[in-house]
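Each chain gets a letter, A, B and so on, in the order its sequence line appears, and its residues count up from 1. These values consider heavy atoms only, across backbone and side chains, with no hydrogens, waters or symmetry-generated copies.
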Protein chains: 2
Amino acid sequence: MCAQSTEFAQALRDAGLRVTHQRMTVMAILKDSVDHPSADELFERARKVDGAVSFATVYRTLSALEEAGLVRKLTFESDPARFEITPAAEHDHLVDVDTGEMIELASEDINRLRRALVDDLGYEIVAQTTLIRVRKKPAP
Amino acid sequence: MCAQSTEFAQALRDAGLRVTHQRMTVMAILKDSVDHPSADELFERARKVDGAVSFATVYRTLSALEEAGLVRKLTFESDPARFEITPAAEHDHLVDVDTGEMIELASEDINRLRRALVDDLGYEIVAQTTLIRVRKKPAP
DNA sequence: CTATACTTGCAAATGCTTCTCATTTACATG
DNA sequence: CATGTAAATGAGAAGCATTTGCAAGTATAG
């Protein structure tokens, strides 16, 4: 975790942000979370590690990190936003409507196709989010 | 507009909903809007046509219609939701980050690919939304 | 070590959306 | 066409996720 710490700290510095233990805590927790937590869940988990983290700071940290490109926010319908460390490769997200579970779906083919289409319209992609509500198929 | 009216009325009846002039107004306005208006914009426009439409009713109408599958809600980041008459063919949405303008992007190739990938994972698609933030490319 | 600009905590504020409840209305029935 | 009743509406209050104001705390340059 030590190597990871210095990595996070450097990322913060690169983004022109001060290295505070609250930010380090949030980043560490987010990195360890495979389930794309909401701000609320993140706050709960952060609090267990570092009692001195407030709700407001979780939100402020997340938007600072998002602006710096280190974190991505996933808005799904009218549900609370969920967050993930910015992924190296772009991917879409499936949400199981019955369980709420979130699954990642990577496809370089789709990405390529999409980039080409957007390009043809004279635009360049700034950011993108695909959220697909799915249901498990009944066993055949 | 007369033919369209009876069409809307029938759609409402099919969905088990009563035909009220408020609902007719909202549907007509939404049908005529090419810009995917928010509930607020829809309310403003509806009010001009029919003074007796309230904010609450716009929201209630939209969710009733959404539940009936006649309307689709687009949630984009933390911005207010926008709405469109449920499209015949699935398509993605681009939002110009500078102007807020929304453009539709249809690609049967992407849809097919996506369906296949989701299918492979053992799921079936219930609904999907892709929102791509874009910026106009500088002229070359 | 000190200065200072950036951060934080707390609580209040905000903004979109939903709900409550009294009143009105659509429409099946006589 | 009159009437009963369940559904729909208007106005405003309530709810919830997120943001903000301000006083106090703290990272970091010098």
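A side chain to side chain contact (heavy atoms under 4.5 Å, CB included) with A:Arg23 holds for exactly one of A:Leu12, A:Thr57, A:Val58; it is A:Leu12. Each of A:Ile125, A:Leu121, A:Asp120 was checked for a side chain to side chain contact (heavy atoms under 4.5 Å, CB included) with A:Tyr123, and the lone residue meeting it is A:Leu121.
For the pair A:Leu74 CG and D:dA17 C1', the interatomic distance rounds to 16 Å; values are reported in whole Å. The CG atom of A:Leu65 sits 16 Å away from the P atom of D:dT18 (whole-angstrom rounding). The separation between B:Leu42 atom CG and C:dT17 atom P is 12 Å, rounded to whole Å. The nearest whole Å value for the distance from the CZ atom in A:Phe43 to the C1' atom in D:dT18 is 14 Å. Rounded to a whole Å, the CG atom of A:Asp79 is 13 Å from the C1' atom of C:dT17. Between the P atom of D:dC22 and the CZ atom of A:Arg60 lies a distance of 13 Å, rounded to the nearest Å. Rounded to an integer number of Å, the gap from B:Asp50 CG to D:dT9 P is 11 Å. What separates CD of B:Glu67 from P of D:dA8 is a distance of 12 Å, to the nearest Å.
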Show the atom names and distances, to 0.1 Å, of all donor-acceptor pairs under 3.5 Å that link a side chain in residues 24-32 of chain A to residues at least two apart or in another chain.
residue, atom, partner, partner atom, Å
A:Thr25, OG1, A:His21, O, 2.7

Summary of protein contacts for nucleotides 25-30 of chain D, nucleotide by nucleotide, where a base hit scores B, a sugar-phosphate-only hit scores S (4.0 Å, heavy atoms)
-BBS--
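Residue A:Arg23 places at least one side-chain N or O under 4.0 Å from the OP1 or OP2 atom of C:dT8. Look at A:Ser78 and you won't find any side-chain N or O under 4.0 angstrom from OP1 or OP2 of C:dT17. Residue B:Tyr59 places none of its side-chain N or O atoms closer than 4.0 Å to OP1 or OP2 of C:dT18.
Residues A:Arg115 and A:Glu90 have side chains not in contact (no heavy-atom distance under 4.5 Å, counting atoms from C-beta outward).
Between B:Asp98 and B:Lys136 there is no salt bridge, since no side-chain nitrogen of the basic residue lies less than 4.0 Å from a carboxylate oxygen of the acidic one.
In the hydrophobic clustering of this structure, B:Leu131 does not group with A:Val118; members are Ile, Leu, Val, Met, Phe, Trp, Tyr whose side-chain heavy atoms approach within less than 4.5 Å, directly or through other members.
With the nearest nucleotide of DNA chain C identified for both A:Arg47 and B:Phe55, A:Arg47 has the one nearer the 5' end.
A donor-acceptor contact shorter than 3.5 Å links the side chain of B:Thr86 to the backbone of B:Gly69.
Among the nucleotides C:dG9, D:dT9, C:dT18, the one closest to any side-chain atom of A:Gln22 is C:dG9.
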